[in-house]
J.: 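Supplied in structure tokens, the structure appears directly below.
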There are 2 protein chains.
Amino acid sequence: MARKKSLDQGPVLRGQILARASELFYERGYAATSIRDIADAVEISSSTMYHHFTNKQEVLRSIVVGFMVDFNAATLPVLADGDRTVTDRLDEVIRIHIEMSDDRRPELLVGNPIRYALSVDEQEEGIALQARYHDAVLALVEEGRATGELDVRDAGIATMALLDMLNGIREWYAPDGRLDREEVVQDYIALARNLLRARDTAGTESTAATAAAR
Amino acid sequence: MARKKSLDQGPVLRGQILARASELFYERGYAATSIRDIADAVEISSSTMYHHFTNKQEVLRSIVVGFMVDFNAATLPVLADGDRTVTDRLDEVIRIHIEMSDDRRPELLVGNPIRYALSVDEQEEGIALQARYHDAVLALVEEGRATGELDVRDAGIATMALLDMLNGIREWYAPDGRLDREEVVQDYIALARNLLRARDTAGTESTAATAAAR
DNA sequence: GTAAGTGTCGATCGATCGATCGACACTGTT
DNA sequence: AACAGTGTCGATCGATCGATCGACACTTAC
């Protein structure tokens, strides 16, 4: 086999590495995936990896931070949009949460072993990004409780229940299975309203339903 | 240091190994935990490990299967108890689920990387045990929908939402934090009733409330 | 045309991994 | 006293790990 042509493919290779590394980390875990596994999957040598990333940790860090930055960019503006009702915003965030964590499933790397693999600084960076989303959802739930749109005893617990419910989907949802994704989105919007005892506000109902159906 | 005394401590050492291994696997992940890490934590040599387990995989398998067997033994009889109302059974299972997954938190090892670490037979064994619990909860939700006690569009989706909501708790609940565990249990019982739109059945209400408060 | 910069590779490093082996201590049986 | 069975250990195996190095191909700038 001839030497791989070294035409400058710019940041393309870096993106390929991140994409394949995400999948391997997601399936096997970070520790069980070797640099050579990733290199083989992208059909490069292991040494080439080190021209694009300083070490294995940096590959993981890029994936984790990259996803969370995009995720927050998509959700935070919606959560903080004061012009819309709480229920309306909640519906849309649930849709974004489900669709984004399904579309980019392998990139959503969380859990203790992932944290353990990162340096202290990287841990704090990742946790801070997650906390920003968490706090924004919590603020929305508290706002809903204040306006009477939602009815929960403890906003903190209800928020965790909601987020865990949404985060669990990617572990069992299979696109080729019994369920259509839009079906899942609609059901989860309804389930979330049940969970938080969303009030059927007559004035905003049509608006929310329209947004939910998109 | 003198040679470790070899007084027969029966299955005690095996239990210690499993306990410490659980914690390390939970914190760092299976692949990132070496046989020597476990041995050091129990203060034995790595060779001694192999007199109690055939290999590293078998340690993981023992933990996973051991927990799920106990978990099913505690929950399945409740879920299938035809003499009680659906809501009543649901409340108690939620309590057991939360308390057991908190008490034995490190033993609850799940996810893709864990599956990847097990052999095909072991995977199927573990999945089968989890499926038995899942199916029993699903059957209860469907029963509740049939009797009118619960009101959900798709029982399968609602069941996954409920289970994910419960499984997420151990990732964030800290015993020394703001929340008392009994508080969490009570809130989740209420949240689950919201989620599944449990009907306030006049006849069984007092029974269910009593069971919930235990 | 030649020098600098970039990207890729094979070869290889020391460290660590899971697992094995023989030696030895202790207990209980005969 | 001799023996078998069990549990523990240090030493060590081959394999694989993350990471480094120098050599080489190719592009671009001058």
Side-chain angles (χ1 to χ4, degrees), chain A residues 1-22 24-25 27-64 109 113-114 116-119 122, chain B residues 1-22 24-25 27-64 109 113-114 116-119 122:
Chain A
M1 174 130 68
R3 173 177 289 270
K4 197 177 183 65
K5 62 179 189 293
S6 66
L7 282 172
D8 182 19
Q9 26 190 2
V12 175
L13 182 55
R14 185 185 163 94
Q16 286 177 342
I17 292 173
L18 287 175
R20 304 295 263 135
S22 300
L24 291 171
F25 290 164
E27 291 169 13
R28 313 178 180 182
Y30 173 79
T33 304
S34 76
I35 286 286
R36 288 171 181 82
D37 289 336
I38 303 171
D40 288 349
V42 194
E43 289 182 316
I44 58 175
S45 88
S46 66
S47 347
T48 301
M49 293 280 310
Y50 287 91
H51 275 266
H52 299 271
F53 299 91
T54 66
N55 54 28
K56 192 182 163 189
Q57 258 186 62
E58 217 246 312
V59 179
L60 177 60
R61 183 202 154 277
S62 297
I63 295 168
V64 172
L109 301 169
I114 292 293
Y116 181 79
L118 294 171
S119 72
E122 293 166 336
Chain B
M1 174 127 72
R3 172 178 290 269
K4 196 177 185 64
K5 64 178 186 295
S6 66
L7 283 173
D8 182 19
Q9 23 190 3
V12 175
L13 182 55
R14 184 185 164 95
Q16 286 178 342
I17 292 173
L18 288 174
R20 303 296 263 134
S22 300
L24 292 171
F25 290 164
E27 291 169 15
R28 313 179 179 182
Y30 173 78
T33 305
S34 75
I35 286 286
R36 288 172 180 82
D37 289 335
I38 304 172
D40 287 350
V42 194
E43 290 182 316
I44 58 176
S45 87
S46 64
S47 349
T48 300
M49 293 280 309
Y50 287 91
H51 275 267
H52 298 273
F53 299 91
T54 66
N55 53 28
K56 192 183 164 190
Q57 258 187 59
E58 217 246 312
V59 179
L60 176 60
R61 184 201 153 278
S62 296
I63 295 168
V64 172
L109 300 170
I114 292 294
Y116 181 79
L118 295 171
S119 71
E122 291 166 338

J.: Expressed in angstrom and rounded to an integer, what is the separation of Y50(B) atom OH from dT12(D) atom C1'?
T.: 14 Å

J.: Mind calculating the distance between CD1 (I35(B)) and P (dC13(D)) to the nearest angstrom?
T.: 20 Å

J.: Take M49(B) and V59(B) through the test side-chain contact (heavy atoms from CB on, under 4.5 Å) and record every step on the way to the result.
T.: CA-CA 9 Å; M49(B) 293 280 309; V59(B) 179; 4.3 Å; yes

J.: Side chain of S34(B) only, heavy atoms from C-beta on: which candidate in dG18(C), dC9(C), dA19(D) is closest?
T.: dG18(C)

J.: Take Y116(B) and T33(A) through the test side-chain contact (heavy atoms from CB on, under 4.5 Å) and record every step on the way to the result.
T.: CA-CA 11 Å; Y116(B) 181 79; T33(A) 304; over 6 Å; no

J.: Do L60(B) and F25(B) have side chains that approach each other closer than 4.5 Å (heavy atoms only, starting at C-beta)?
T.: yes

J.: How many whole angstroms separate atom CG of D40(B) from atom C1' of dT16(C)?
T.: 13 Å

J.: Within less than 4.0 Å of OP1 or OP2 of dT6(D), is there a side-chain N or O belonging to H52(B)?
T.: no

J.: Separation of L24(A) atom CG from dC17(D) atom P, in whole Å?
T.: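 So the CG-P distance, L24(A) to dC17(D), works out to 12 Å.
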
J.: Nearest whole Å is fine: how far is dT8(D) C1' from Q16(B) CD?
T.: 15 Å

J.: Send over the distance from R36(B) CZ to dG10(D) C1', rounded to a whole Å.
T.: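 The answer, rounded to whole Å, is 12 Å.
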
J.: Mapping N55(A) and S46(B) onto DNA chain D by nearest heavy atom, which one lands closer to the 5' end?
T.: S46(B)

J.: Return the value, rounded to whole Å, for the distance between atom CD of E43(A) and atom C1' of dG7(C).
T.: 17 Å

J.: Taking it one step at a time, do V42(B) and T48(B) satisfy side-chain contact (heavy atoms from CB on, under 4.5 Å)?
T.: CA-CA 11 Å; V42(B) 194; T48(B) 300; over 6 Å; no

J.: What is the separation between atom NE2 on H51(A) and atom P on dG22(D), rounded to the nearest whole Å?
T.: 12 Å

J.: Considering only side-chain heavy atoms of T48(A), which listed nucleotide, dA19(D), dT8(C), dA19(C), is closest?
T.: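 The nucleotide sitting nearest to the side chain is dT8(C).
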
